[in-house]
K.L.:
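Shown below is the structure under consideration.
Order of appearance sets the numbers: ligands from 1, and atoms from 1 within every ligand. Note that the structure is predicted; figures quoted are calculated from it, not measured.
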Amino acid sequence: MNRRPLIAGNWKMHLTIAEAEALARAIVSGGIPADRDVMLAPPYTAMAAVNKVLQDSPVFLASQHSGWEDKGAFTGEISPVMLKDAGCSMAIIGHSERRHIFGESDQHVNQRLTGALRHGLVPILCIGETLEEREANQTFNVLETQLRGGLIGVASSEADKLVIAYEPVWAIGTGKTASEDQVQEVHAFLRTLLEKMYEKDIASQIRILYGGSVKPDNVDALMSREDVDGALVGGAALQAESFIRIIHFNQ
Ligand code: 13P
């Protein structure tokens, strides 16, 4: 199965509207190879400006988060209906910063994910273990709980749209990348788990991204591994030069 690679930039809580617009413009000008997908998740305030820049490009607009209700009294939340309206086609769900800083549970993550699917947003479900969990040999247990918990109620007919992002918490923003062997081992484990949860041919279509200190100098090796179908990039997505290089991996 040839899965189409996805290079995703998560700008987190960075950039003014003008800075985001300029960065999006520079990334689009760098050229997008026809054999891969690229996605940008700007802060909400810059979404309209970035959407305009991306309109005539193949780059997808994404949100960094998504609520589960269509509308209502949910101060500070954002609805999947609003995200679609703003031009998003994808949504990052359950990022470790949401889980660990803002206390999001697997149940919240599941509600957000099914809400996104209901409105035609492709969810990027983020899962990952902390350093203590890895050192206590709990990595696979933690990932299985997060994967199964996040996907409760997601039918086989919808599962092929999913994107999973493995982001070990200890590798995010730390400059420590998981080794290619560690990443491939986890991705293969996740693929096998997805095969048990859905049919084999569906599991083989689900893209599994790696995130955690992906940089121009490690992307080629990571992307050469069998079950690594893309990258979810934080810090290195904030500079045009480094993100353009990451987009052009293995070229
Ligand atoms: P860094 O690339 O800065 O480690 O961030 C990864 C990440 O959290 C992307 O969602």
Side-chain angles (χ1 to χ4, degrees), residues 5-15 19-20 23-24 27 37-44 46-47 50 59-66 78 83 88-104 109 112-113 116 121-131 133-134 139 142-143 146-147 150 162-180 182-183 186-187 190 207-223 228-249:
L6 170 62
I7 300 295
N10 174 9
W11 291 351
K12 306 191 180 184
M13 199 175 72
H14 291 285
L15 309 176
E19 288 166 347
L23 180 56
I27 289 167
D37 290 336
V38 174
M39 177 215 99
L40 295 177
Y44 298 124
M47 220 167 231
V50 171
V59 179
F60 295 103
L61 183 70
S63 67
Q64 301 176 14
H65 189 51
S66 175
I78 186 106
L83 294 171
C88 289
S89 47
M90 304 179 122
I92 297 172
I93 307 280
H95 191 279
S96 73
E97 286 146 19
R98 300 297 325 167
R99 294 175 187 266
H100 294 283
I101 304 173
F102 300 102
E104 297 253 338
V109 170
R112 294 184 190 286
L113 184 137
L121 290 166
V122 171
I124 301 181
L125 171 62
C126 300
I127 57 175
E129 81 286 3
T130 63
L131 187 58
E133 288 162 346
R134 176 162 280 267
T139 298
V142 169
L143 294 174
Q146 291 180 345
L147 189 74
L162 297 169
V163 177
I164 310 294
Y166 169 53
E167 296 208 305
V169 179
W170 48 273
I172 296 177
T174 57
K176 283 186 207 154
T177 324
S179 73
E180 301 137 41
Q182 282 172 323
V183 174
V186 166
H187 285 213
L190 295 174
R207 291 181 286 188
I208 306 178
L209 317 184
Y210 168 74
S213 300
V214 175
K215 306 280 181 228
D217 62 3
N218 59 24
V219 67
D220 295 331
L222 285 162
M223 289 302 297
V228 182
D229 307 315
L232 182 52
V233 187
L238 289 169
Q239 271 101 37
E241 195 187 345
S242 54
F243 195 58
I244 288 169
R245 170 64 187 87
I246 291 172
I247 291 171
H248 291 82
F249 71 88

K.L.:
Show which atoms of ligand 1 fall inside a sub-4.0 Å distance from at least one heavy-atom site of A171.
P.N.:
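Selected atoms, number and element: 4 (O).
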K.L.:
Pick one of side chain, backbone, both or neither for how A236 approaches ligand 1, counting any non-hydrogen atom pair under 4.0 Å.
P.N.:
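It is neither; nothing of A236 touches ligand 1.
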K.L.:
If you count the atoms of ligand 1 from 1 in the order shown, which ones are under 4.0 Å from a heavy atom of S213?
P.N.:
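Every atom of ligand 1 under 4.0 Å from some heavy atom of S213: 1 (P), 2 (O), 4 (O).
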K.L.:
Nearest to atom 2 (O) of ligand 1 by heavy atom, A237, G212, G234: which?
P.N.:
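Going through A237, G212, G234 one by one, G234 has the nearest heavy atom to atom 2 (O) of ligand 1.
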K.L.:
For G173, counting its heavy atoms only, list the atoms of ligand 1 lying under 4.0 Å from any of them.
P.N.:
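Answer for ligand 1: 1 (P), 3 (O), 4 (O).
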K.L.:
If I apply the N/O under 3.5 Å rule, does T174 come out as touching ligand 1?
P.N.:
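Between T174 and ligand 1 (N or O atoms, distance only) the closest approach is not under 3.5 Å.
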K.L.:
Indicate the ring-plane relationship of H187 and Y166, choosing parallel, tilted or perpendicular according to the 30° and 60° boundaries.
P.N.:
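H187 and Y166: perpendicular rings.
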K.L.:
Check whether any N or O atom of V233, backbone or side chain, sits under 3.5 Å from an N or O atom of ligand 1, and answer yes or no.
P.N.:
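It does not: no N or O of V233 is found under 3.5 Å from an N or O of ligand 1.
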K.L.:
What's the shortest heavy-atom distance between L232 and C126, and which atoms?
P.N.:
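Here L232 and C126 meet closest at CD2-SG, 3.9 Å.
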K.L.:
Does R134 pair with E129 as a salt bridge, N-O distance under 4.0 Å?
P.N.:
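Yes, this pair counts.
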K.L.:
Does N10 reach ligand 1 with a nitrogen or oxygen that is under 3.5 Å from one of the ligand's nitrogen or oxygen atoms?
P.N.:
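Yes: some nitrogen or oxygen of N10 is under 3.5 Å from one in ligand 1.
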K.L.:
Please check: side-chain N/O of W11 versus main-chain N/O of A237, any donor-acceptor pairing under 3.5 Å?
P.N.:
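Yes, because the side chain of W11 sits within donor-acceptor range (under 3.5 Å) of the backbone of A237.
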K.L.:
Which heavy-atom pair separates T130 from V169 by the least distance, and what is that distance?
P.N.:
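So the two residues come closest at CA-CB, 4.0 Å.
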K.L.:
Checking the N or O distance criterion of under 3.5 Å, is ligand 1 in contact with G235?
P.N.:
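In this structure, G235 places an N or O atom under 3.5 Å from an N or O of ligand 1.
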K.L.:
S213 side chain to T177 main-chain N or O, any donor-acceptor pair under 3.5 Å?
P.N.:
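No, S213 side chain to T177 backbone: no donor-acceptor pair under 3.5 Å.
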K.L.:
Nearest protein heavy-atom contact for atom 5 (O) of ligand 1: which residue, which atom, what distance?
P.N.:
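Nearest neighbour among protein heavy atoms for atom 5 (O) of ligand 1, to 0.1 Å: K12 NZ, 3.3 Å.
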K.L.:
Quick check: does E97 get an N/O under 3.5 Å from an N/O on ligand 1?
P.N.:
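N/O-N/O distance below 3.5 Å does not exist for this pair.
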K.L.:
For Y210, does its backbone N or O pair with a side-chain atom of E167 as donor and acceptor, under 3.5 Å?
P.N.:
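Absent.
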K.L.:
Between D37 and R207, is the closest basic N to carboxylate O distance under 4.0 Å?
P.N.:
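Answer for the salt bridge query: yes.
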K.L.:
Could you tell me, atom by atom, which parts of ligand 1 come under 4.0 Å of a heavy atom of E167?
P.N.:
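By the 4.0 Å cutoff, the relevant atoms are 6 (C), 7 (C), 8 (O), 9 (C), 10 (O).
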